[in-house]
A.B. asks: 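To start, I am sharing the structure in question, which I have written as structure tokens.
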Protein chains: 2
Amino acid sequence: MTEEQEFLESYNPGEYAPVAVTVDVVALTIREGRLHVLLVERGGHPFAGWRALPGGFVQDESLDAAALRELAEETGLRPGEGVLDRVHVEQLRTYGNPGRDPRMRVISVAYLAFAPSLPDPRAGSDAAGAFWVPVEAAGELAFDHAAILADGLDRARSKLEYTPLATAFVESEFTIADLRAVYAAVWGEELHAGNFHRKVLSVPGFVESTGEIAVRGGERGGPKPKLYRAGDARLLHPALLRPAREDDVR
Amino acid sequence: MTEEQEFLESYNPGEYAPVAVTVDVVALTIREGRLHVLLVERGGHPFAGWRALPGGFVQDESLDAAALRELAEETGLRPGEGVLDRVHVEQLRTYGNPGRDPRMRVISVAYLAFAPSLPDPRAGSDAAGAFWVPVEAAGELAFDHAAILADGLDRARSKLEYTPLATAFVESEFTIADLRAVYAAVWGEELHAGNFHRKVLSVPGFVESTGEIAVRGGERGGPKPKLYRAGDARLLHPALLRPAREDDVR
DNA sequence: GTAGCTCATACTCACCCTGAGCACAACCTC
DNA sequence: GAGGTTGTGCTCAGGGTGAGTATGAGCTAC
């Protein structure tokens, strides 16, 4: 008897049922001012033809590495090309209700990824079936993926409040207005430009000036804005709290 | 070929390696004004004789149910006795680095539990090996359990800020001072009694008055305080922010 | 019983942050 | 060039916070 069998049977004699572990990724980006999520169309059963979050089996790698690998595969981006380095990836939550996959017990470790506007997945690649969809238009998803997406959106909305996460959605040099557009897209509400400006500059380590100025103003007018890059803070103190909503509380 | 084998091999042909899924529980309580964590002493290899977080295999049940079951087994408490109903349990994070268990690939879904002061695990039961330890005295733990505990403490500290979680650490009727003692124990710092009092009563839904008064004052004097029970808020607005610490930011 | 310390609760005051509105000049499109 | 748009800065009122003080009820020790 191998040490492994001994291990399993000593804990749970005779009852051991096989389990599969997967990662599913809620990849978010902002395109044309709207929050988008990366979805794939399922080929095989069950839920053939349904949309689903990209994901797959965990191989001999860390969970974080599995999430990054899946993201790279589905977007057609290659690690080391620079684009993926700017993607923020974090673990979201693990979903493992019996029956969430009709075939067998599947434990799915969900990840959340935030990226600056990424290109459309290349049609020729193995990422052919993936596409960006505005989050409001995600519709019904396979398995419990709609719940996972909802949890991911909640997490994203609240992490904007107390972390500099918004900088992960913009290019490496950005304007305060770019940052404000991220908050507006994720929170779904406009922010007061003057107050936002004051707040962002007053939080230590949120952004730092590059000293440069954009080559042109906004598409519909306005002065050439100053450029910033992400600062070194990992938490925002004091936080940038979103206005209280009634249904947040109870 | 079963549907299950087909499923596995279609995704990951020939590479499928067995995986075990466990839950580990960071159970916290407050005893004598200090934050304690529930630990067990391991019998078998590896890490025989080391302390570890209580945990075990996930059976045919939800992950949440597995965590509650493990907690009940290790504390010797029986579900339905009322005590366990007041325990707050939430998922913390999933740990799955290859090599974290030398025997095989083990994915551990960690849970965080908060309870009012619980009795010592009964010596005669199957919970014989479990005991409460002040968190500062946890010392080295088996596997990556020290990191899990640290993550759990971080989560607990920050959840006190924006949720009424502190009420899960006290009896169903409590005084403002009881609540303040929870914050002091978890955050490791004293709070200004007057300001805390004002703040707790001003946050809608945090606590509600029972109209009663405690039968006696504090152990060392002072008036008989009013009694409160938990309100119906699930989030604190505005939050009860802990004083900024330098090392929080970066 | 009483002295002396402890505590729950309340009040005050200065300060900071926020939301809201206004100002202005630079900038775009037409 | 006209007219609308926008980045940036300012002001002002209101609310929340940290720190201090006050008061009287309540405990333990003697």
Side-chain angles (χ1 to χ4, degrees), chain A residues 33 160-162 170 173-184 187 189-204 206-228 235-245 249, chain B residues 33 160-162 170 173-184 187 189-228 233 235-245 249:
Chain A
L160 282 197
E161 296 191 77
Y162 59 93
V170 294
E173 298 206 339
F174 53 85
T175 68
I176 304 285
D178 291 338
L179 214 51
R180 180 158 47 86
V182 172
Y183 279 86
W187 285 352
E189 55 192 291
E190 293 307 312
L191 281 80
H192 180 127
N195 293 340
F196 183 84
H197 201 96
R198 175 183 61 189
K199 177 69 182 178
V200 168
L201 294 184
S202 76
V203 174
F206 192 0
V207 299
E208 58 186 37
S209 174
T210 65
E212 307 286 310
I213 287 188
V215 285
R216 53 158 295 167
E219 297 193 0
R220 292 183 298 185
K224 294 175 185 167
K226 298 179 186 169
L227 290 175
Y228 297 84
L235 290 174
L236 303 183
H237 276 298
L240 213 160
L241 297 176
R242 110 184 93 151
R245 299 173 53 162
V249 181
Chain B
L160 282 197
E161 296 191 74
Y162 59 94
V170 294
E173 298 205 342
F174 53 87
T175 69
I176 304 286
D178 291 338
L179 214 50
R180 181 158 48 85
V182 172
Y183 280 87
W187 285 352
E189 54 192 289
E190 293 307 313
L191 281 80
H192 185 285
N195 293 340
F196 183 83
H197 201 95
R198 176 183 61 187
K199 175 72 184 177
V200 168
L201 294 184
S202 75
V203 174
F206 193 178
V207 301
E208 57 186 37
S209 173
T210 65
E212 307 286 309
I213 286 189
V215 286
R216 52 159 297 165
E219 297 193 1
R220 291 183 297 183
K224 295 176 183 168
K226 298 180 186 167
L227 290 175
Y228 297 84
L235 289 174
L236 303 183
H237 277 297
L240 214 160
L241 296 175
R242 111 183 93 151
R245 300 174 53 159
V249 183

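We name chains A, B, ... by the order of the sequence lines, and we start the count at 1 in each one. Scope of the values below: all heavy atoms of this structure, side chains included, with no hydrogens, waters or symmetry mates.
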A.B. asks: If you take all heavy atoms of B:Pro225 and B:Gly217, which pair is closest and at what distance?
C.D. replies: CD-CA, 4.3 Å
A.B. asks: Nearest to the side chain of A:Ala193 - D:dT8, D:dT11, D:dG26?
C.D. replies: D:dT8
A.B. asks: Rounding to an integer number of Å, can you tell me how far B:His237 NE2 sits from D:dG16 P?
C.D. replies: 14 Å
A.B. asks: Rounding to an integer number of Å, can you tell me how far B:Asn195 CG sits from D:dG20 C1'?
C.D. replies: 9 Å
A.B. asks: Quickly work out the A:Leu201 CG to D:dC10 P distance and round it to whole Å.
C.D. replies: 12 Å
A.B. asks: For DNA chain D, whose closest nucleotide is more 5', that of B:Ala239 or that of B:Val215?
C.D. replies: B:Ala239
A.B. asks: With sugar-phosphate meaning primed atoms plus P, OP1 and OP2, does B:Arg216 contact a base, only sugar-phosphate, or nothing at under 4.0 Å between heavy atoms?
C.D. replies: sugar-phosphate
A.B. asks: Would you mind classifying the nucleic acid contact of A:Gly217 as base, sugar-phosphate or nothing, using non-hydrogen atoms under 4.0 angstrom?
C.D. replies: sugar-phosphate
A.B. asks: Between B:Arg198 (CZ) and D:dG18 (P), how many Å, whole number?
C.D. replies: 8 Å
A.B. asks: For residues B:Leu227 and B:Thr175, determine if any side-chain heavy atom of one lies less than 4.5 Å from a side-chain heavy atom of the other.
C.D. replies: yes
A.B. asks: Could you tell me whether the side chain of A:Phe174 reaches within less than 4.5 Å of the side chain of A:Val207, counting heavy atoms only?
C.D. replies: yes
A.B. asks: Restricting to non-hydrogen atoms, name the atom on A:Val182 and the atom on A:Val170 that form the minimum distance, rounded to 0.1 Å.
C.D. replies: CG2-CG1, 3.5 Å
A.B. asks: Quick one: on DNA chain D, does A:Gly222 or A:Gly194 contact a more 5' nucleotide (nearest heavy atom)?
C.D. replies: A:Gly222
A.B. asks: Using modelled atom types and a 3.5 Å cut-off, is there a donor and acceptor pairing between side-chain atoms of B:Arg216 and backbone atoms of B:Gly218?
C.D. replies: yes
A.B. asks: Does the side chain of A:Leu179 reach to within under 4.5 Å of the side chain of A:Phe196, using non-hydrogen atoms?
C.D. replies: yes
A.B. asks: Taking 5' to 3' order, which nucleotide of DNA chain C is first and which is last to have an atom within less than 4.0 Å of a heavy atom in chain B?
C.D. replies: C:dT6 to C:dT12
A.B. asks: Give the rounded distance in Å between these two atoms: NE2 of B:His197 and C1' of D:dA22.
C.D. replies: 15 Å
A.B. asks: What does A:Gly221 touch in the nucleic acid at a heavy-atom separation under 4.0 angstrom: a base, only the sugar-phosphate, or nothing?
C.D. replies: base
A.B. asks: Measuring to OP1 and OP2 of D:dT17, would you say a side-chain N or O of B:Lys199 lies under 4.0 angstrom away?
C.D. replies: yes
A.B. asks: Measure CG/B:Leu236 against C1'/D:dG16 and give the value in whole Å, please.
C.D. replies: 15 Å
A.B. asks: A:Arg180 side chain N/O closer than 4.0 Å to the phosphate oxygens (OP1, OP2) of D:dT8?
C.D. replies: no
A.B. asks: Determine the contact category for B:His192: base if any of its heavy atoms lies under 4.0 Å from a base atom, sugar-phosphate if only primed atoms, P, OP1 or OP2 are that close, otherwise nothing.
C.D. replies: base
A.B. asks: Specify the closest pair of heavy atoms between A:Arg242 and A:Glu161, including all atoms of both residues, with the distance to one decimal.
C.D. replies: N-OE1, 3.0 Å
